[in-house]
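Heads up, the thing below is written out as structure tokens.
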Amino acid sequence: MDDSTELAEDEPEEPGAAASVREAAAGKVRRWSHRPWSRRRAAAREATAREVQAIESGTAQAVPAAKKRNGGMFRSLRSHNFRLYASGGIISNVGTWMQRTAQDWLVLELTNGSAAALGVATALQFAPQLVLGMWGGVLADRYAKRPILITAQSLMGVLALTLGLLTVTGTAQVWHVYTMALLVGVISCLDIPTRQAFVVEMVGRDNLANALALNSSIFNLARVVGPALAGLLIYALGGTGPIFLLNSLTFAGVIASLLLMRRAELRTAEPVPRAKGQLRAGLRYVLDRRELLTPILLIAFMSMFAQSFMMSIALMAKEVYQAGASSFGLASSGFAVGALGGALLAARRVRPGRRLLIGGALAFGVTQIVAGLAPWYISYVVLLVPAGIALITVNTAANAIVQLATSAEMRGRVMGIYFLVFTGGAPIGAPLIGWVSELGGPRIGVVIGGIMTLVGTGLAVLLANAILRRRGSHAVVRGAAATAGSAR
């Protein structure tokens, strides 16, 4: 194929363009007729024929550019801004998982192995989300998102640097770790909903589901790499202090990616003016829409038992299969590999639907039950892979469905509510399943968690229907009362 033919296809179509496109297509058919094996070229001829038909019928503008281009698993990376964001995210997520590992290790060192102290540090980092998560969503709607993210990432980088310096100099105490964990949790209340709502401004609605799935892939890849790398570096560098210092440097990647973005290519939403009742408006917005209420309720129930399932991996490996630390690492990696695979599979979908969401939740519940009954360790590890796939399928599908169904001016508040229930279920479900596991053994805990996941999926659908019917009937009553009042 010569270059002139390629250029002719890309030129703007003037009057009579249909004829020239038809002639070019006919020439291609003649030249390619002896190459029936070329599927790409056959697809190109079909696309050309559709363009000719659109031009002749006067409906060429009805064929969007996105439809002329194949999708692909990594289609969001065509966006310059999202490529920058994803590149910075890879570096930062690995650093974040390194710091989480180092923070846990530091607490154990400072408290002579106190599991209670470790639980306090973890709770302090996630508890603020339960109190301030929705308010973070309100602020995400009120102000431009990119400056918020730059500020939040800078503050978290400073906290990592501070903790690193305290640890390296030998002055770190456990209350320092508690304080840093709490401050990171408070900043995350604003950072998380803003970051989620910012994705659509980079890639648009058509590629939103793909971009969210790729973000999940990056997160889960970092979850595999980060802790392992942290363990090696703690051993090689002689302590946790250098890990915190390294993590402080990784924030520069995210900040640089945000600063280097092309502002003209961002689909920036107009900030919502400050007004009373914006948080209540966000709650009403969710309660009045089935496409938001069902996935958010489903995630609320799922989060109760998904975290307990991941925590049970250590109990199953040690108590049931009498496996060592290396075998526990293998099981954790199996689940993480499944999660990464599920995120990549989600990236191939154009737009997830309600059927995929509910089907994924049911699949995760069934996989939990089967894994809890697995007779051999190797069969248990193998079952962790589909469990990871199912869980990430639900998480990415719910996130995409909620964002696609939300208007731009409400997205921050809705994502604040979404991540409130996403993180808020674990403190309820995890202790419950832990208590059951203590009484009946880890197998019983895992099986009960799977049964409760199935029950919770059904309850989410039924509860959403009941809420919508109730609010619908109240709306009818209010409308009738208003009509009667105006008649008087």
Side-chain angles (χ1 to χ4, degrees), residues 71-76 90 93 97 208-228 295 298-314 316-317 328-374 376-402 422 425-426 429 433 446-447 449-454 456-457 460:
M73 185 180 291
F74 303 102
R75 56 187 177 273
S76 296
I90 292 174
N93 276 294
W97 278 104
L208 176 61
N210 176 257
L212 293 173
L214 291 181
N215 269 343
S216 182
S217 301
I218 292 170
F219 179 82
N220 284 287
L221 179 61
R223 184 164 69 175
V224 175
V225 174
L298 180 60
I299 286 295
F301 284 109
M302 285 280 292
S303 68
M304 291 185 189
F305 307 107
Q307 289 292 339
S308 63
F309 178 72
M310 288 184 283
M311 290 188 300
S312 71
I313 293 176
M316 290 288 289
F328 164 58
L330 176 63
S332 299
S333 297
F335 186 84
V337 167
L340 177 60
L344 291 174
L345 288 173
R348 298 183 63 88
R349 303 184 188 99
V350 176
R351 183 164 184 159
R354 187 166 175 263
R355 183 179 300 177
L356 175 69
L357 179 68
I358 296 175
L362 295 176
F364 180 62
V366 171
T367 309
Q368 282 181 278
I369 296 171
V370 177
L373 300 174
W376 306 291
Y377 178 73
I378 188 63
S379 60
Y380 174 70
V381 173
V382 169
L383 286 166
L384 290 177
V385 176
I389 292 174
L391 180 59
I392 297 304
T393 295
V394 174
N395 289 346
T396 54
N399 195 330
I401 290 170
V402 167
F422 186 83
I433 298 300
V446 173
V447 171
I451 293 172
M452 294 306 296
T453 298
L454 297 177
T457 301

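Reckoned from all heavy atoms, side chains included, excluding hydrogens, waters and symmetry mates. Index from 1, following the sequence.
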Discussion item. Contact between L357 and P352 at the side-chain level, heavy atoms closer than 4.5 Å - yes or no?
Written reply: no

Worksheet item: Considering residues at least two apart in sequence or located in another chain, which fulfil the side chain to side chain contact (heavy atoms under 4.5 Å, CB included) criterion with A211?
Response: S76, F82, V199, V203

Worksheet entry | Between CE on residue M316 and OH on residue Y380, distance to nearest 0.5 Å | 5.0 Å

Practice prompt. Check whether any side-chain heavy atom of F301 sits under 4.5 Å from a side-chain heavy atom of T457, and report yes or no.
Written response: no

Response to the item:
Residues at least two apart in sequence or cross-chain that pass side-chain hydrogen bond (donor to acceptor under 3.5 Å, both in side chains) with T367, listed by chain then number, are none

Worksheet entry | Working for side chain to side chain contact (heavy atoms under 4.5 Å, CB included), residues L214 and F74 | CA-CA 8 Å; L214 291 181; F74 303 102; 3.7 Å; yes

Discussion item. What's the separation between atom CG in N210 and atom OG in S217, rounded to the nearest 0.5 Å?
Written reply: 9.0 Å

Quiz: residues 389-398 side-chain donor-acceptor pairs under 3.5 angstrom, not counting sequence neighbours:
residue : atom : partner : partner atom : Å
T393    : OG1  : I389    : O            : 2.7
T396    : OG1  : I392    : O            : 2.8
T396    : OG1  : T393    : O            : 3.3

Discussion item. Quick check: closest heavy atoms across A300 and S303, and the distance to 0.1 Å?
Written reply: O-OG, 3.0 Å

Worksheet item: Hey, what do you get for CZ (F219) to CG (L340), rounding to the nearest 0.5 Å?
Response: 12.0 Å

Practice prompt. Considering non-hydrogen atoms only, spot the tightest contact between P295 and V402 and give its length.
Written response: CG-CG2, 3.8 Å

Worksheet item: Pick one: which of T453, V447, I451, L383 meets side chain to side chain contact (heavy atoms under 4.5 Å, CB included) with Q368?
Response: T453

Discussion item. Distance check, rounded to the nearest 0.5 Å: N399 atom CG versus L212 atom CG?
Written reply: 4.5 Å

